Amino acid sequence: MFALVDGNNFYASCERIFQPRLRGVPLVVLSNNDGCAIARTAEAKALGIKMGQPAHELKLLVKHQGLQMRSANFALYGDISARVVGILRDEAPRVEVYSIDESFLDMTGIRDREAFAHRLRNKVHRWTGIPNCIGIGPTKTLAKAANRAAKSGAGVIDLSDETRRTEVLATFPTTELWGVGGRWGLRLANMGITTAAQLRDAPPDTILGEFGVTLARTQRELQGHPCIELEEVAPDKQQIMVSRSFAERVEDHAAVGQALATFAVRACEKLRRDGLVTGAVGIFALSDRFRAELPQHAPSRSINMPSATDDSRLVASVVAQLLRGMLKPGIGYKKAGVTLMDLSRPEQRQGDLFTPAVAGNAALMATLDGINRKFGRGVAGLGATGWKTRPDWGMRQNLLSPNYTTRAADLPLLHC
DNA sequence: TCTGGGGTCCTAGGACCC
DNA sequence: TCTGGGGTCCTAGGACCC
């Protein structure tokens with residue numbers, strides 16, 4: 001038996017914790033670069049704002065409907081998320097952190113599941129300020145569906161009872177199921193399958209043949225047969241990507257190079273945090289695809305490293321080599337990124353006769369990470385990043401809230 | 001003027017091996 | 001006139017997730 005705990009409108013709820021004036025009013029949190037809405041409060045949804053809607057389309061709502069907008073503040077959301085997870089780990093024997101705002105719990109051995117869930121839900125809300133819902137079911141897919149159903153007011157829904165389950169699934173749209181996106185939803189609808197109950201009861205051979213094992217698994221889970229286990233320990237990542245859209249179109253190749261160096265450094269920080277090394281490095285750049293009338297260019301290149309590494313300097317120099325001659329003059333680039341692939345644990349790496357298995361200066365990187373941990377990200381780094389506080393490729397974040405929980409200088413009291 | 005940033009898994013087809 | 005069978009690995013594309 002599984003439970004899924006999910007923070008309601010998580011990013012928006014995080015903003016509301018420390019800014020009471022945002023409570024009860026429509027609020028959206030914007031993507032990086034203040035591009036589009038990625039979280040909406042109930043009041044914002046009621047105004048008809050869609051997920052992913054561009055920010056510039058919301059101007060009138062700001063003016064006339066009191067809509068509030070905030071730039072994404074991932075430092076804040078990550079910290080609040082960790083506090084929520086801390087509570088869950090105190091209360092449940094086994095927890096899988098599924099995303100920044102969702103965790104699966106193993107409910108095995110918990111007697112009165114609904115009472116437990118109600119208590120947990122209130123505790124998370126009281127201790128962190130994050131409103132949340134809990135769905136319970138014999139499979140992860142059913143726990144997800146229960147959670148979705150709980151959002152419409154109940155707060156907690158338990159689908160372990162079969163009659164209750166059929167009742168809920170009969171009106172549950174397939175497209176809201178975990179594992180069914182827009183494409184499959186359309187194809188299913190063309191076959192006359194629009195509800196979760198219909199998918200559950202469809203001929204398994206048809207589902208397997210038409211859609212493959214992924215949807216067949218979802219169908220089995222809907223029937224109450226667990227196919228997806230709880231993953232308490234996250235498996236090692238297979239790739240790490242750092243990419244950003246730029247605030248402006250950038251024609252200066254040196255500036256793109258500095259952006260890529262910055263992304264390479266960030267990617268290596270993640271790599272070292274996870275205790276991994278990379279065996280292959282890729283870069284890409286994209287012109288402004290929303291300006292069809294402008295000349296377009298979307299180059300990408302990648303290369304295998306002679307030795308695996310987690311050393312920012314080695315990766316940054318490979319990135320610089322890859323970039324040489326990749327960009328075209330006269331193109332305005334809007335986005336770029338660095339991808340680290342072929343990741344592994346250094347001890348699993350095998351060298352050959354001529355090259356060591358792992359290259360780089362571990363002590364130097366540990367020192368670098370230590371300095372940045374103590375004094376703030378970006379205090380020490382590589383010159384290739386350009387070292388500008390406001391580079392022209394930087395993000396737009398005009399509506400950023402303070403880092404209330406992770407930066408002493410941002411504490412509201414200190415402003416008084 | 002303005003449209004995010006991460007990830008994973010599955011499948012089919014081609015290259016290549018013995 | 002004739003050209004097998006079985007396997008692995010890699011890649012691209014498509015689908016999904018938050």
Side-chain angles (χ1 to χ4, degrees), chain A residues 4-11 28-40 49-60 62 69-74 77-78 81 96-104 140-141 144 147-148 174-188 208-218 221 227-228 231 234-249 259 263 266-267 270 274 280 282 284 286-294 300 302 304 332 334-343 395-399:
Chain A
L4 179 71
V5 184
D6 183 325
N8 300 348
N9 322 319
F10 185 69
Y11 298 164
V28 298
V29 173
L30 301 175
S31 62
N32 274 336
N33 236 11
D34 293 345
C36 60
I38 55 171
R40 307 157 294 158
I49 297 170
K50 299 278 170 268
M51 197 70 169
Q53 192 167 352
H56 64 88
E57 290 178 15
L58 305 176
K59 284 225 166 108
L60 282 178
V62 172
M69 305 202 287
R70 290 292 180 274
S71 303
N73 184 346
F74 290 109
Y77 312 150
S81 173
E96 171 187 341
V97 179
Y98 177 66
S99 75
I100 193 164
D101 68 328
E102 287 174 63
S103 292
F104 285 104
K140 281 177 150 185
T141 301
K144 278 281 251 182
N147 186 285
R148 175 61 68 106
T174 51
T175 45
E176 301 209 348
L177 281 170
W178 190 39
V180 182
R183 299 295 174 97
W184 286 359
L186 263 180
R187 279 177 58 195
L188 284 167
L208 178 63
E210 292 288 318
F211 298 89
V213 300
T214 311
L215 194 64
R217 206 147 47 203
T218 298
E221 288 239 317
C227 303
I228 309 169
E231 268 181 7
D236 283 342
K237 284 198 177 65
Q238 300 174 25
Q239 65 169 51
I240 287 174
M241 176 167 21
V242 176
S243 71
R244 291 287 182 279
S245 293
F246 305 147
E248 319 281 344
R249 280 186 290 276
F263 303 158
R266 181 78 194 103
K270 295 184 180 187
D274 291 354
F284 68 87
L286 299 174
S287 52
D288 193 344
R289 66 199 169 98
F290 294 106
R291 287 282 163 276
E293 73 279 12
L294 296 176
S300 68
S302 65
N304 292 324
K334 196 68 209 300
K335 179 174 180 173
V338 170
T339 311
L340 306 180
M341 297 156 290
D342 186 21
L343 308 186
M395 275 197 292
R396 214 187 341 264
Q397 286 185 303
N398 295 331
L399 306 164

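Below, chain A is the first sequence line, B the second, and so on; all start at residue 1. The model shown is predicted, which means the values in this text are computed figures rather than measured ones.
Between the side chain of A:Arg187 and the main chain of A:Glu210, a donor-acceptor pair closer than 3.5 Å is present.
For A:Glu57, the CD atom is densely surrounded, since the number of other residues' heavy atoms within 6.0 Å is greater than 12. Heavy atoms from other residues, nucleotides or ligands lying under 6.0 Å from CZ of A:Arg183 number 12 at most. Counting heavy-atom neighbours within 6.0 Å of A:Arg148 CZ, excluding the residue itself, gives a total of 12 or less.
The minimum heavy-atom distance linking A:Glu102 with A:Leu4 is given by the pair OE1-CD2, 3.6 Å. Among all heavy-atom pairs drawn from A:Phe246 and A:Asn33, the shortest one is O-ND2, 3.1 Å.
With sequence neighbours excluded, the residues forming a side-chain hydrogen bond (donor to acceptor under 3.5 Å, both in side chains) with A:Asp236 are A:Arg345, listed by chain and number. Remark: A:Phe263 pairs with A:Trp393 by the ring pair (Phe, Tyr, Trp, His ring centres under 6.0 Å) rule, at least two apart or across chains.
Taking atom CE of A:Met341 as the reference point, atom C1' of C:dT11 lies 13 Å away to the nearest angstrom. To the nearest angstrom, C1' of B:dT11 lies 15 Å from CD of A:Glu210. Separating the CG atom of A:Leu4 from the C1' atom of C:dC18 is a distance of 12 Å, rounded to the nearest angstrom. Distance, A:Gln239 CD to B:dG6 P: 11 Å, rounded to whole Å. Atom C1' of nucleotide C:dC18 and atom NZ of A:Lys237 are separated by 13 Å, given to the nearest angstrom.
The residue A:Gln53 sits apart from the nucleic acid: no heavy atom pair falls under 4.0 Å. Here A:Leu30 lies out of heavy-atom contact (under 4.0 Å) with every strand. A:Leu58 comes within contact range of no nucleotide atom at all, as no heavy-atom separation falls under 4.0 Å. Across all strands shown, A:Tyr98 has heavy atoms under 4.0 Å from sugar-phosphate atoms exclusively, and none from any base.
Put simply, the side chain of A:Ile228 does not reach to within 4.5 Å of the side chain of A:Phe104, judged on heavy atoms.
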Expected rows: protein N/O vs nucleotides 7-9 of chain C N/O, under 3.5 Å:
none

When you compare the protein's N or O atoms with those of nucleotides 12-17 of chain B, which come within less than 3.5 Å of each other, and at what distance?
none

For nucleotides 3-5 of chain B, list the nitrogen or oxygen atoms of the protein found under 3.5 Å from its nitrogen or oxygen atoms, one pair per line.
{"residue": "B:dT3", "atom": "OP1", "partner": "A:Lys334", "partner atom": "NZ", "Å": "3.2"}
{"residue": "B:dG4", "atom": "O4'", "partner": "A:Ser31", "partner atom": "OG", "Å": "2.9"}
{"residue": "B:dG5", "atom": "OP1", "partner": "A:Ser245", "partner atom": "N", "Å": "2.4"}
{"residue": "B:dG5", "atom": "OP2", "partner": "A:Ser245", "partner atom": "OG", "Å": "3.0"}
{"residue": "B:dG5", "atom": "OP2", "partner": "A:Lys335", "partner atom": "NZ", "Å": "3.1"}
{"residue": "B:dG5", "atom": "O3'", "partner": "A:Arg244", "partner atom": "NH1", "Å": "3.3"}

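In DNA chain C, the stems built from three or more successive Watson-Crick or G-U pairs (distances below 3.5 Å) are B:5-18 with C:5-18.
A gap of 25 Å separates the P atoms of B:dT3 and C:dC18, to the nearest Å.
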